Amino acid sequence: MINTAESVWGNCLKFIKDNITPQAYNTWFEPIIAVKLTDNALSIQVPSKFFYEWLEEHYVKLLRVALNKNLGKDAKLIYVIKMEHKRDKSSSFTEKIPSTQRSRVNAQEVSMALSSKSPELKNPFVIPGIRNLKIDSQLNSLYNFDNFLEGGSNRLARSAAKAVAAKPGGTSFNPLLIFGGVGLGKTHLAHAVGVDVKEKHPNKTVLYISAEKFTQQYIESVRKNTRNDFIHFYQIIDVLIVDDIQLMSGKKGTQEVFFHIFNHLHQNGKQVILTSDKAPVDMQEIEKRLLSRFKWGLSAELLKPDLDTRKKIINNKLFQDGVEIEESIVDFVAQNIKTNIRELEGAIISLIAHSSFNKEEVDLKLAQRIVENYVHNSTKEISIEQIQKVVSSYFQMDVDTLQSKTRKRHIVQARQIAMFFAKKLTKASLASIGKQIGNRDHATVLHACKTVNNLSSTDKQFKKFVEDLDKRLLE
Ligand code: ADP
Ligand code: MG
């Protein structure tokens, strides 16, 4: 049988597929096209220079083994980088590079070829029709420094943010990572930096984006084969603000591409601002090398606001809305809503609404009623059903499996952990817990709780499972 480029590459792919995760395979190997075979040299076409670098960095060994298996030990691999310019066919070009394992590639040659044609930027934030590239910053000007009230809980983060806004890329706070719990002002502060930069440095390109949207865009770019454009787009930003980076957890492809963009920006003195609901040490399933980048600059925490700051925030809100409320009521609200500024604001808005729409007098009784709603809602008991969902998804099984009669160890353990948390986090009886988790009796539940306690103190990995889940269940 005669070997063709396709048949050889097809065989290589079979081997590669068995040795890496399906995601990695889909991302990095699916898009490759075998183009030529001469003697023992196989040419494969990859979509971008970055793609080629990535393959060389991560998969060169695997590629070599696969190739040697199919073409003998003198096998050669040649990359062909293809840049597609859909508008103008004649401008597409290819660049041939021998695999670095044979001769170190002349990177300059490649990048020269690439930079001679700037790629077409396809990005939802680019406003069409404007000659000089203009990017909509996606900033909310209502989130600024003026209305971000200062207090002990946010002083460090706020000052660092101000310093960064004054000299983006020019401080040692790069990246600036703002972290803290829900509703403590991360998004507000991140916008404030961007808004301030736009005022002080109108020529700088600022972009605010949530990690979630970034991920969606990235996936879309892979699907449409415009990954290159995606990367190029982000590389021209002067101040990049990515909100809620914890949402990149477990998303390898997104992290990889963000790592690449981050390095490029950082090397070029551009500013990166990140927010997260966790400190870097507590971030799970974020690649080590990316985490280490996060630690390069400054991690500033937003703490829960103290009573004074809470009062200031309430009074400011009232002032802005032109409403007056007795100080004792402001006090009462500030005393009782402690952990979340969004809820604090919510309660005040609710008070204002009651007083103006229902013509109710804002007295302590009304304040009590409203505050109760907030405090009550935020500490609502989790259900056993919810616990089972969270635990089974954590262990990547479905709830039916978790409840099944099997004796497989990892399933038994998952079930025991679910029972343990049901006991810990709900008021349900042992019997009721057993009934809801796979129809077991109360003794089984009791045994499960003991086992989880024991294993947590003897088995490190197991302890980590329990701690992770503890956090997830409290969210
Ligand atoms: P996070 O992103 O941390 O969940 P947000 O930035 O969305 O929190 O803040 C929640 C609400 O609290 C927003 O309306 C924000 O304006 C307000 N807020 C937070 N911190 C402050 C502050 N220091 N001064 C005034 N308002 C604040
Ligand atoms: Mg936020």
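One-based numbering, in listed order, for ligands and for the atoms of each. Keep in mind it's a predicted model, so treat the numbers as computed, not measured. Values reported hereafter were calculated over all heavy atoms of this structure, with side chains retained and with hydrogens, waters and symmetry mates removed.
Annotation: cation-pi pair Arg158/Phe148 absent, no NZ/CZ under 6.0 Å from the ring centroid and within 45° of its normal.
For atom 13 (C) of ligand 1, the closest non-hydrogen atom of the protein is Glu345 OE1, 3.8 Å. From the protein, the heavy atom lying nearest to atom 4 (O) of ligand 1 is Gly183 N, 2.8 Å. When hydrogens are left out, the protein atom nearest atom 24 (N) of ligand 1 is Leu149 N, 2.9 Å; that is the closest non-hydrogen contact. The nearest protein atom to atom 16 (O) of ligand 1, hydrogens excluded, is given as His188 ND1, 2.6 Å; this is a heavy-atom distance. Given atom 2 (O) of ligand 1, the protein heavy atom at minimum distance is Thr187 OG1, 2.8 Å. Protein heavy atom closest to atom 19 (C) of ligand 1, with residue, atom name and distance, is Gly185 CA, 3.4 Å. Among all protein heavy atoms, the one lying closest to atom 7 (O) of ligand 1 is Arg342 NH2, 2.8 Å. Among protein heavy atoms, atom 20 (N) of ligand 1 sits closest to Ile341 CD1, 3.3 Å.
Backbone or side-chain N, O or S atoms of Thr187 reach the Mg ion (ligand 2) at under 2.8 Å.
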| task | Give the C-alpha distance, both sets of side-chain angles, the deciding distance and a yes or no for ring-ring contact (aromatic ring centres under 6.0 Å, His included) between Tyr234 and Phe230. | result | CA-CA 7 Å; Tyr234 277 94; Phe230 174 82; 5.1 Å; yes
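On a distance-only criterion, Leu189 and ligand 1 share no N/O pair closer than 3.5 Å.
Contact analysis leaves Gly151 out of contact with ligand 1, as no non-hydrogen atom separation drops below 4.0 angstrom. Ligand 1 lies out of reach of Gly180, whose nearest heavy atom is not under 4.0 Å from it.
Taking a 6.0 Å sphere around CD of Gln368, one finds it holds more than 12 heavy atoms contributed by other residues, nucleotides or ligands. Residue Lys278 places its NZ atom among more than 12 non-hydrogen atoms of other residues, nucleotides or ligands, all under 6.0 Å distant.
Between Asp229 and Lys224 there is no salt bridge, since no side-chain N of the basic residue sits under 4.0 Å from a carboxylate O of the acidic one. Between Glu150 and Arg155 there is a salt bridge, since a side-chain N of the basic residue sits under 4.0 Å from a carboxylate O of the acidic one. A salt bridge is defined here as a Lys NZ or Arg NE, NH1 or NH2 lying under 4.0 Å from an Asp or Glu carboxylate O, and Asp468 with Lys464 meets this definition. Between Lys162 and Asp196 there is no salt bridge, since none of the side-chain N atoms of the basic residue sits less than 4.0 Å from a carboxylate O of the acidic one. Between Arg369 and Glu372, none of the side-chain N atoms (NZ, or NE/NH1/NH2) sits under 4.0 Å from a carboxylate O, so this pair counts as no salt bridge.
With contacts defined as side-chain heavy-atom distances shorter than 4.5 Å, the pair Leu207/Ile241 does not qualify. Residues Thr187 and Tyr208 form a side-chain contact, since some pair of their non-hydrogen atoms from C-beta on lies under 4.5 Å apart.
Less than 4.0 angstrom separates some heavy atom of Lys186 from each of these atoms of ligand 1: 1 (P), 2 (O), 3 (O), 4 (O), 6 (O), 8 (O). In summary, the atoms of ligand 1 found under 4.0 Å from a heavy atom of Asn154, numbered by their order in the structure, are 23 (N). Which parts of ligand 1 touch Gly181 is read off a 4.0 Å heavy-atom cut-off, strictly below it: atoms 3 (O). For ligand 1 and Ile313, the ligand atoms under 4.0 Å from any heavy atom of the residue are 22 (C), 24 (N). Applying the 4.0 Å criterion to heavy atoms of Asn147 picks out, from ligand 1, the atoms 24 (N), 25 (C), 26 (N).
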